[in-house]
Amino acid sequence: MPSPDHRSDPGLAHTPRPGGIAARAKAHAGPEPGYLGGLNAEQRLAVETTEGPVLVLAGAGTGKTRVLTTRIAHILATGRAQPSQILAVTFTNKAAREMKERVAHLVGAVAEGMPWLGTFHSIGTRILRRHAELVGLKSNFTILDTDDQIRLMKQVIAAENIDEKRWPARQLAGLIDSWKNRALGPDQVLPGEAQAFANGRGGELYRLYQERLKTLNAADFGDLLVEAIRLFRENADVLELYQRRFRYVLVDEYQDTNVAQYLWLRLLAQGREPGQRNLACVGDDDQSIYGWRGAEVDNILRFEHDFPGARVVRLERNYRSTGHILTAASALIAHNQGRLGKTLRTEDVAGEPVTITGAWDSEEEARLVGEEIEALHVKGHSLAEMAILVRISAQMRELEDRLVQLGVPYRVIGGPRFYERMEIRDALAYLRCVASPADDLAFERILNTPKRGLGDATVQVLHAHARAARIPLMEAARYLVETEELKPKPRGTLRELLTAFGRWSGLMDTLRQGELAEIVLEESGYTDMWQRDRSAEAAGRLENLKELVRSLEEFPDLQAFLEHVSLVMEIGDGDTNERVSLMTLHAAKGLEFETVFLPGWEEGLFPNQRALDESGRAGLEEERRLAHVGLTRARRRARIYFASNRRIHGMWNATVPSRFIDELPESAVEVIDAPASYSYGGYGASRFDTVGQTPSSYATPGWQRAQARGFGSPGGGFGRGGTGGGGPGHGGFDRGAGQARRRGGTVIEGELVAKSTGSSAFSNGDRVFHQKFGPGAVVAVDGNKLTVDFDKAGRKMVLDSFVTRG
DNA sequence: CGCTCTCCTCTTTTT
DNA sequence: GAGGAGAGCG
């Protein structure tokens, strides 16, 4: 309750805030519950407007999750619903987990928790398993991930005698995905779009793929929603069951929903009686960055239209960033059209301006970022409070190299997930075969892994028989080992494998799944395969397998584990140690850091050329939202960088500062002249200076001259005078880059020597092991700096703290 | 059947 | 530049 004179519970420490909705809030009377304390007026309105459709527009850092969880707490505490009557959906498991924890914290552990709080997909799965037979599946259907999907599509394409090279399965997967995102079945595909693949056979292949899925008793991720929608549409009684059950529906990140998710929600939230239409969606149109995977910003823009009588609550008070950061982010996003419009405000100080630093090339950029991280670290800033956010993962390598050289610990967030690693997928395939012998895709995967002489020829025979007899591959194999169809050698090997599987399946009930997994991996020769492997990654892979066995033990049984794996592609939680975080801008959504580094703000990279080419203005606006997300991750410091030269697909390209830089207000930014750098200090009042825009005070006329000569930037010309006429082409760049590199070398030298304490414990000829480069031999020692000839990775310079004796 | 070489492609990513 | 996939050779 915002009014200061409001009587409050003893001990309730809530800051009175100005607001004008006291009367409305008071309608709920009674002593004020503690969980409402500390909410501002808008947040409180969002929490207490429980009935009817509500859209909460929650800008970055405005307490979105808090509103969502408090709202659930409020519904429970006021007895409006039981935990099992609330449907709360998120996109990621992480968000779901967080919400569960926070609700539990607010209301105290409610007996059965919140059974219907989860991701769209996990809840979809749950519903689908209960009514599987209504959509042609069995309740124990398997969930295929992208890898399985593509392999299956390859088979479908091959079976239709279509040239997979000309019409790649990946592309078909993309198409089918986009259809499923819009809840389109094979019959509903627009003829024009079906035309886009294999001369109009797109729709046909989609149908065949769906048929294969049903035969395999499998569903892909899209099906978890689309089949649920079909289930609801074709079975009014089932739909009504759920409509009645879910008295309150809450949706997180509504701006990321696709058409299928929207339809799914609408079916569930639009009960016949008014009391069933309590839908609350929380989102931020300015943070919609997943359009490329089917998210429809339109869903949030049209909310009021779709749900008549909807209330819209705007959360605009930002509790995260300082004034300058917020000003910069707001000014940037204001360039977007077609937004619902919010103005973020803060009561925090203006703080440090957003800095913009130009570098000669991406290598220097990485160096500048590294130096700044060190400088802040020396001043006592925690590394865990710093993050480098990049547009594409390809940017990470150079930054990583730099951090390794500096000895700055870091962690990459996102990247290949644990369960996507080859060795994990192989191991899982073994377990899947043990648990369900009819899992053809799994069986095929491990049939010849490790190599046991069951190659293409054998697979072909198996397939032919399985298809003809309409039985799973494993069953076909059992039959074939009793016949003469296979050559004696593969036949014997296959028989052995089948016997082993029989044995392992028999152990399922008596052994703990972890032990079982160990036995399977051991006896199948899989562990052995990696132990014999002398490559750099082998050790890590064995580690991962151990980790898998360990995490397996956390589940009651193998089935539960496999279910978890197909839906929750993650394991453990990243340690929050003293480490700099490195991730893509996409991965950064929802996170915040004291200091955020934003390298690579160049035309073509960010905004990304491909986004522009493929989606035009909408693409540009999504890129701009991405920039907005990036800036608003920062609490106190945001540092933007751009390089004048960058290697793209292995080729050096001259680049131009991002138009987003030009869109930042001068009042909130500071242009840094990188000292001792060959970058041209300051960025031009670029060609993006359109009519009516404030001309930049740091414009350099040389820029436009360079432009005119076909140089992306004055690259060769600045600072050294006179070489500008060197002309475009690689010669000029190579020279420039070469000099920057030489110069950079000295700087590196200084840093590293300064850091070295005493001499290294290693000497020439020592065998060492490096986490990233694998085994190698020391060829030179210089302080704490080693030059190592790595067996696989070649000669590298590394710090001794990064290697172990090996 | 398996290994090696060459060619091709190449955002963003969750479930 | 680097990884993945397919072709071709041993």
Side-chain angles (χ1 to χ4, degrees), chain A residues 89-96 118-125 143-150 154 163-165 168-171 174 177 180-181 219-226 253 256-258 260-261 288-295 362 389-398 401 413-417 419-420 422 448 450-460 487 489-490 493 537 563-570 583-590 600 604-615 619 622-623 625-627 629-630 646-652 793:
Chain A
V89 267
T90 64
F91 274 85
T92 65
N93 294 295
K94 194 172 154 229
T119 63
F120 276 102
H121 292 86
S122 69
I123 290 170
T125 307
I143 300 165
L144 302 189
D145 61 25
T146 328
D147 209 75
D148 292 329
Q149 259 179 69
I150 301 230
K154 270 190 181 159
D163 182 12
E164 210 262 336
K165 259 196 300 200
R170 282 190 66 96
Q171 196 187 327
D177 212 45
K180 288 190 176 175
N181 281 340
D220 65 18
F221 285 123
D223 285 344
L224 299 179
L225 288 163
V226 176
E253 307 277 19
D256 288 338
T257 50
N258 59 33
Q261 285 153 341
S288 160
I289 54 176
Y290 285 112
W292 51 272
R293 67 176 196 212
S362 45
L389 311 183
V390 296
R391 177 62 183 84
I392 61 170
S393 349
Q395 285 172 264
M396 287 188 191
R397 248 190 68 133
E398 243 172 335
D401 286 351
I413 296 179
R417 319 224 159 292
Y419 289 118
E420 280 167 9
M422 190 210 307
N448 201 28
K451 303 265 182 288
R452 48 171 76 90
L454 300 175
D456 254 6
T458 315
V459 175
Q460 291 308 325
K487 294 208 180 76
K489 211 166 133 205
T493 319
E537 318 90 62
E563 169 91 22
H564 167 88
V565 166
S566 40
L567 284 174
V568 187
M569 278 286 199
E570 59 185 317
M583 69 192 95
T584 63
L585 286 159
H586 283 93
K589 195 165 85 159
L605 179 61
F606 191 37
N608 190 272
Q609 192 57 47
R610 197 152 154 184
L612 262 42
D613 291 344
E614 284 173 11
S615 316
E622 182 153 315
E623 295 286 298
R625 289 193 290 269
L626 205 44
V629 167
R646 187 175 298 274
R647 199 161 31 195
I648 299 164
H649 303 326
M651 296 263 291
W652 280 100

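Chain A is the first sequence line, chain B the second, and so forth, proteins listed ahead of strands; every chain is numbered from 1.
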Candidate pair A/S122 and A/T119, rule side chain to side chain donor-acceptor pair (under 3.5 Å), full reasoning:
CA-CA 5 Å; A/S122 69; A/T119 63; 3.1 Å; yes

N/O donor-acceptor pair under 3.5 Å between A/Q395 side chain and A/R391 backbone:
yes

A/N448 vs A/G222, nearer the 5' end of DNA chain B by closest nucleotide
A/N448

Base, sugar-phosphate alone, or nothing: which one does A/D256 contact when heavy atoms must sit under 4.0 Å apart?
nothing

Using whole Å, report how far CZ of A/R647 lies from P of C/dG1.
5 Å

For A/T458 and B/dC1, is the shortest distance between a side-chain N/O and OP1 or OP2 below 4.0 Å?
yes

Between A/F91 and A/H121, does the ring centroid distance fall short of 6.0 Å?
no

Note: A/D220-A/K180 ion pair, threshold 4.0 Å (strictly below):
yes

A/I289 versus A/V629: any side-chain heavy-atom pair under 4.5 Å?
yes

With sugar-phosphate taken as primed atoms, P, OP1 and OP2 and all else as base, the protein-contact string of nucleotides 4-13 of chain B at under 4.0 Å (heavy atoms; B, S, -) is ------BBBB

Paired to B/dC10 by Watson-Crick or G-U wobble criteria (both distances under 3.5 Å) is C/dG1

Taking it one step at a time, do A/D613 and A/Q609 satisfy side chain to side chain donor-acceptor pair (under 3.5 Å)?
CA-CA 6 Å; A/D613 291 344; A/Q609 192 57 47; 3.0 Å; yes

